[in-house]
Engineer: 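Below: one structure in structure tokens.
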Amino acid sequence: MYRHLRRATAVVAIVAATSLGGAAAASAETLNNAEALPSCLDHQWVGNSGVINVRTSPSRTIARNVADNVDNGGQWTALVYVDDRLVDKKVQNYNPHGSVSPLDSRSGSVFRLDITHVDTKGKSSHSVPNGCIVP
Amino acid sequence: VYPTAASSHRLASALAQRIDSVLPDGFDSLAAGGRVEVFRDGLPIGSSAAPEIVDSAPDSPAQIETATRAALSSVQDLVSETLTEPWPEGLPAAGARVVGSELRLWFGDEAAPVVELVAISVDDL
């Protein structure tokens, strides 16, 4: 039950073998069109090899979870941004999850994840362009 | 007085030391570079690289506070998931604030924390 409460389940989709440069360019374009971004209240991005979930609590804590469809082992690097400010970082050997304090996520700001995963067989994946508006 | 160039390694070291002193029995916390690693019965259960984000704005008190909150929150997740129960009890939010030359850190409400960790001198960061 704890995991369901704490781990939000909105993720950013993971796409296999997407170049970092391409993803960065797409993210910038997305951020320039913030009005078109979804709310972070409860959103999911689905890629061809994984999923990203984001959910915002009534207190405005933003929880996120990322999962690979096949292999959650290997090396994960997760960078978490709010309005392009880096607010969290994880480097670990299991799929990352976590939350951002409401003190670091004012209403109306853009929440974004940059995730890289190299699985146990060496396959590299990167998060699809993503971003959502903090409610 | 705020630090002019806080270091992720120094922040991780200070945080690991403070966190270690409040962890439940059987848990330990150590710094490894700019990360805080958590162990149970001597075995690693996870880590937070949040202290490394101060390197993106080393002269910013706000970034030190953000990195500290994120690290405390990650450790809280690791311990709670390992115990399969909220830790600290009630799962209070992690807090951090630079006041003067001190970085204060706690779980719960700032005015009445559930757990308060020993403050860190920002001059040591």
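Just so it is clear: chains get the letters A, B, ... in the order the sequence lines come, proteins before strands, and each one is counted from 1. Predicted model, so just to flag it, every value in this text is computed and none were measured.
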Engineer: Is there a path of hydrophobic side-chain contacts, each under 4.5 Å between heavy atoms, that joins A:Val134 and A:Leu41?
Structural biologist: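 No: no chain of side-chain contacts under 4.5 Å links A:Val134 to A:Leu41.
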Engineer: Please flag which part of B:Glu65 lies under 4.5 Å from any non-hydrogen atom of chain A: side chain, backbone, both or neither.
Structural biologist: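 Contact with chain A is absent: no heavy atom of B:Glu65 under 4.5 Å.
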Engineer: Specify the closest pair of heavy atoms between A:Tyr94 and B:Ile45, including all atoms of both residues, with the distance to one decimal.
Structural biologist: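 Nearest heavy atoms, A:Tyr94 then B:Ile45: OH-O, 3.9 Å.
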Engineer: In terms of hydrophobic clustering (I, L, V, M, F, W, Y; side-chain heavy atoms under 4.5 Å; direct or indirect links), are B:Phe39 and B:Leu15 co-clustered?
Structural biologist: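 Hydrophobic grouping puts B:Phe39 apart from B:Leu15.
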Engineer: Could you walk me through whether B:Glu52 and A:Lys90 pass the side chain to side chain contact (heavy atoms under 4.5 Å, CB included) test, one step at a time?
Structural biologist: CA-CA 9 Å; B:Glu52 294 181 0; A:Lys90 293 198 174 188; over 6 Å; no
Engineer: Under a single-linkage definition using a 4.5 Å side-chain heavy-atom cutoff for Ile, Leu, Val, Met, Phe, Trp and Tyr, are A:Val110 and A:Tyr81 assigned to the same hydrophobic cluster?
Structural biologist: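 A:Val110 and A:Tyr81: separate clusters.
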Engineer: Could you tell me whether B:Arg40 atom CZ has more than 12 heavy atoms of other residues or ligands within 6.0 Å of it?
Structural biologist: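 Atom CZ in B:Arg40 is crowded, with more than 12 foreign heavy atoms closer than 6.0 Å.
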Engineer: Let me know if B:Ala62 has heavy atoms under 4.5 Å from chain A in its side chain, its backbone, both or neither.
Structural biologist: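 For B:Ala62, heavy atoms of backbone and side chain both lie under 4.5 Å from chain A.
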Engineer: In Å and rounded to the nearest 0.5 Å, what is the CG to OG distance from A:Asp88 to B:Ser74?
Structural biologist: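 A:Asp88 atom CG to B:Ser74 atom OG measures 5.0 Å (nearest 0.5 Å).
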Engineer: Ignoring hydrogens and geometry, is there a side-chain-to-backbone donor-acceptor pair from B:Gln63 to A:Val87 under 3.5 Å?
Structural biologist: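 No: the side chain of B:Gln63 does not pair with the backbone of A:Val87.
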Engineer: Out of curiosity, does B:Trp106 fall in the hydrophobic cluster containing B:Val22 (side-chain heavy atoms, cut-off under 4.5 Å, transitive links)?
Structural biologist: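 They do not share one cluster, since no chain of ILVMFWY contacts under 4.5 Å joins B:Val22 to B:Trp106.
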Engineer: Between NE2 of A:His97 and CD of B:Glu81, what distance do you get to the nearest 0.5 Å?
Structural biologist: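 Separation between the atoms: 3.5 Å.
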Engineer: Calculate, to the nearest 0.5 Å, the distance between atoms CG and CD1 belonging to A:Leu86 and B:Ile53 respectively.
Structural biologist: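 One gets 5.0 Å once the value is rounded to the nearest 0.5 Å.
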Engineer: At a heavy-atom separation under 4.5 Å, does B:Ala67 approach chain A through its side chain, its backbone, both, or neither?
Structural biologist: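 Contact with chain A is absent: no heavy atom of B:Ala67 under 4.5 Å.
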Engineer: Any luck finding a side-chain donor-acceptor pair between A:Arg85 and B:Ser56 under 3.5 Å?
Structural biologist: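 On atom types as modelled, these side chains do not qualify, holding no pair under 3.5 Å.
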Engineer: Are B:Val122 and B:Leu117 connected in the hydrophobic side-chain network, where two residues link if heavy atoms are under 4.5 Å apart?
Structural biologist: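 Yes; B:Leu117 is reachable from B:Val122 via cluster members.
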